[in-house]
Amino acid sequence: MPYTVCDCLAQNKTNYHFLGWLLHGFTKAKGIYWPFVNSKVDRTCKCGCFSRDRSHWGTREKGSNTTAVPWLLIQNTKNLVYIEPGAFTNLPRLKYLSICNTGIRKLPDVTKIFSLEFNFILEICDNLHITTVPGNAFQGMNNESVTLKLYGNGFEEIQSHAFNGTTLISLELKENAHLEKMHNEAFQGATGPSILDISSTKLQALPSYGLESIQTLIATSSYSLKKLPSREKFTSLLDATLTYPSHCCAFRNLPTKEQNFSFSIFKNFSKQCESTARRPNNETLYSAIFAESELSGWDYDYGFCSPKTLQCAPEPDAFNPCEDIMGYNFLRVLIWLINILAIMGNVTVLFVLLTSRYKLTVPRFLMCNLSFADFCMGLYLLLIASVDAQTKGQYYNHAIDWQTGNGCSAAGFFTVFASELSVYTLTVITLERWHTITYAIQLDQKLRLRHAVPIMLGGWLFSTLIAMLPLVGVSNYMKVSICLPMDVETTLSQVYILTILILNVVAFIIICACYIKIYFAVQNPELMATNKDTKIAKKMAVLIFTDFTCMAPISFFAISAAFKVPLITVTNSKVLLVLFYPVNSCANPFLYAIFTKAFRRDFFLLLSKFGCCKHRAELYRRKDFSAYTSNCKNGFTGSNKPSQSTLKLTTLQCQYSAVLDKTCYKEC
């Protein structure tokens, strides 16, 4: 028998069945016949092989040992697990070979086909058990141009020199879902390909060698391909269909090589395009190269010499323009200055307040929370500035790794958490000031630390929840390079953005209302607001209004963007990001703490513990001791007499403070 299936032939003729799944072709056409269409095999056979005995494949050419087979299809043969190395030998007339949906475990040997046909097509598809394309896998298959359709297989790796010895017109590697590695020298020794399709694969990188001939690159749904080789490698690229818009930025203003694949043998061909004008009788460039007899029957392409521009899709959108993270150089300088000041300033405030020898009061506790929120904002700016410095000039090649990676998610979490915790803390500080001044003589209603802790715990939980939602699919941080939640494509995302903005507006209204009441309370002589509380209230009014004045432009433009009516581009929004959004985090530690007398006192007292500024610290200790002694001697002043409980409590506080200061004074 000329065809065997693992040498398993029918023993019982009653078990024979039609072998239509082995080979599909002509029964008799143009002197070619296919003896296998009606072959019969035992249905109990569990494995199959393709024999190299081709004595009945078709007609032989006179005077030669070759077979005139133009098409050969092996399809839908799941039981075929092996094709012998010499199965395809000396087939000069073969134009099309298809091996699809079989059970073979190894790439068939096609190196002895020796086809003489132009644009020989080899289709190997849907063979899920083939995992590797070895080196020299197609060498000797054809001396002319080749189209390789290697799609839907189980490929995991393409080895070095895999396409050696071929002249590739088109190479289709699409839908090889497990293909992760393509050796850097896979195209070594090959000419082409002109068309490369790697769609729906897991390739993480393209080989840097052999890309010069590619005119069409197709890489849709290739989500693992986050970085492309240097754009100088694609000298002939004219059309690119990619997965990520940022990759198209690499090909902007890229000079293309004016060269046609079919005429690449002419070194001066592009010069002919430039120097030869079309003649009145529709003679073209070809007339300058070929004789008239050679041009008979040709269809002229009159647009051949027209300038070619590279077409790339998908094009970058408004959210991801072709620019670095910081679009302007002056922003690069400012963002480093602001993030360093924000981090250093807030770390200093936290360290001094938490190590102070004085009791942790409610204002100090709230100031610590505000400093931590501003510190997180500084971390966000540091991450953005660092990535911008590393990717300057080539952000398009790092955009996907950054925006879809953990770094951008962390940066986005920090900025949303810091922003919301800062607004929440400023609101609580304002309410605490209003409550303290309004109920100045009612010590039993004063806000205590045991009240402030659960209030701020609620703020931390709220800020954490708001910052976590984009990580679980409610909007996301990967929409833009600055990692802000600007995705409003779904209704839930729009509700999320609008909720944050509305809450910030409500907080601003509460703060405005409280400070209006504080202003009128300070003007009322009937209330016993102390000078200390009045000064603090006035200072905080100025500071908080400054904070929200800086946040107003961002809120305004963010609301318009949430309704899908953006009034500002992403490029210009980066100016707001650097000049307005984080300035408060940089300024708050200085305006709220570092520039105050109380902080300077705590700062010098802390330095004295390390042997620095002892004289200055001693002056602060003496001043504090004198102030406490004076308050205890003079008692209350003013027109209104304090209540008995207030007087008793104040006396105890003065006595306790005097004891502490005497102890400190003796130690000094």
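Everything quoted here is computed from the prediction, not taken from an experiment.
- Expressed to the nearest 0.5 Å, how far CD1 of I99 lies from CD1 of I124 amounts to 5.0 Å.
- L91 is not listed as a side-chain neighbour of K112, based on a closest heavy-atom distance of 4.5 Å or more.
- In this structure, CD on E323 lies 10.0 Å from OH on Y395, to the nearest 0.5 angstrom.
- Checked by atom type and distance alone, the side chain of N476 never pairs as donor or acceptor with a backbone atom of P470 at under 3.5 Å.
- At a threshold of 4.5 Å between non-hydrogen side-chain atoms, the residues S145 and F120 do not count as touching.
- T391 places none of its side-chain heavy atoms less than 4.5 Å from the side chain of N397.
- Using a 4.5 Å heavy-atom threshold, the side chains of L238 and T216 count as separate.
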Test log, rule side-chain contact (heavy atoms from CB on, under 4.5 Å), inputs L94 and W71: CA-CA 6 Å; L94 190 63; W71 301 284; 5.6 Å; no
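- By the 6.0 Å contact criterion, NE2 on H129 is enclosed, its count of non-hydrogen atoms from other residues, nucleotides or ligands being greater than 12.
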Stepwise side-chain contact (heavy atoms from CB on, under 4.5 Å) check, L471 with S409: CA-CA 7 Å; L471 299 178; S409 298; 3.7 Å; yes
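- For the residue pair N339 and A385, the shortest heavy atom distance occurs at ND2-CB, 4.2 Å.
- Residue I325 is tested with V387, L331, I335 for a side chain to side chain contact (heavy atoms under 4.5 Å, CB included); the sole match is V387.
- Aromatic pair F187/Y209: centroids not less than 6.0 angstrom apart.
- D401 has no carboxylate O lying under 4.0 Å from a charged side-chain N of K227, or vice versa, which leaves the two without a salt bridge.
- Of all heavy-atom pairs spanning V480 and C408, the tightest one is O-SG, 4.4 Å.
- In terms of heavy-atom proximity, N176 sits nearest to Y151 at ND2-CA, 3.9 Å.
- By the 4.5 Å heavy-atom criterion applied to side chains, V495 and L498 are not counted as neighbours.
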side-chain hydrogen bond (donor to acceptor under 3.5 Å, both in side chains) between T490 and S493, intermediate numbers included: CA-CA 5 Å; T490 64; S493 298; 2.8 Å; yes
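- Under a 3.5 Å cut-off, the side chain of R231 and the backbone N or O of A250 do form a donor-acceptor pair.
- Within the 3.5 Å criterion, the main-chain N or O of M326 finds a donor-acceptor partner in the side chain of D388.
- Side chain of T132 to main chain of P134: no donor-acceptor pair is present (N/O by atom type, distance under 3.5 Å, no hydrogens or angles).
- In this structure, F251 and F234 have perpendicular ring planes: the angle between them is above 60°, well past the 30° mark.
- To the nearest 0.5 Å, the span separating CG on N504 from CD on E420 amounts to 4.5 Å.
- P485 places a side-chain heavy atom less than 4.5 Å from the side chain of Y496.
- Here the closest heavy-atom approach between residue I400 and residue S246 is recorded as CD1-OG, 3.5 Å.
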Chi angles and distances behind the side-chain hydrogen bond (donor to acceptor under 3.5 Å, both in side chains) call for N119, T147: CA-CA 6 Å; N119 194 16; T147 295; 2.6 Å; yes
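- Counting only heavy atoms from C-beta outward, the side chains of C483 and W402 approach each other to under 4.5 Å.
- Side-chain atoms of T201 come within 3.5 Å of backbone N or O of I198 as a donor-acceptor pair.
- Side chain of N320 to backbone of K479: a donor-acceptor contact under 3.5 angstrom is found.
- With contacts defined as side-chain heavy-atom distances shorter than 4.5 Å, the pair I500/I466 qualifies.
- One N or O on the side chain of T243 and one on the backbone of A219 form a donor-acceptor pair closer than 3.5 Å.
- Cysteines C322 and C248: SG-SG separation is not under 2.5 Å.
- Of the possible polar contacts, none joining the S221 side chain to the S200 backbone as a donor-acceptor pair under 3.5 Å is found.
- Within a 6.0 Å radius of CG in N406, no more than 12 heavy atoms belonging to other residues, nucleotides or ligands are found.
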Verdict with reasoning, M468 to F413, per side-chain contact (heavy atoms from CB on, under 4.5 Å): CA-CA 7 Å; M468 284 289 293; F413 178 87; 3.9 Å; yes
side-chain hydrogen bond (donor to acceptor under 3.5 Å, both in side chains) assessment of S98 paired with Q75: CA-CA 7 Å; S98 176; Q75 297 176 342; 3.1 Å; yes
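- Minimum heavy-atom separation, M486 to F319: O-CE2, 3.9 Å.
- Surrounding CZ of F330 are more than 12 heavy atoms belonging to other residues, nucleotides or ligands, all under 6.0 Å away.
- For Y244 and H247, the distance between ring centers is under 6.0 angstrom.
- The backbone N or O of F163 sits less than 3.5 Å from a side-chain atom of T166, completing a donor-acceptor pair.
- Residue pairs meeting the salt bridge (charged side-chain N to carboxylate O under 4.0 Å, His left out) criterion with at least one partner in residues 182-197, sequence neighbours excluded, are absent.
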Stepwise side-chain contact (heavy atoms from CB on, under 4.5 Å) test for M377 and T415: CA-CA 5 Å; M377 183 63 73; T415 186; 3.8 Å; yes
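- In E144, the CD atom is crowded: over 12 heavy atoms of neighbouring residues, nucleotides or ligands sit closer than 6.0 Å.
- Of all non-hydrogen atoms in A186 and I158, the two that sit nearest each other are CB-CG2, 4.1 Å.
- Between the side chain of S224 and the backbone N or O of Q204 there is no donor-acceptor pair closer than 3.5 Å.
- Taken from CD1 in I384 to CD1 in I482, the straight-line distance is 7.0 Å, to the nearest 0.5 Å.
- With rounding to the nearest 0.5 angstrom, the CD atom of E232 is 13.0 Å from the OG atom of S208.
- The line from OG1 of T191 to CG of N164 is 10.0 Å long, rounded to the nearest 0.5 Å.
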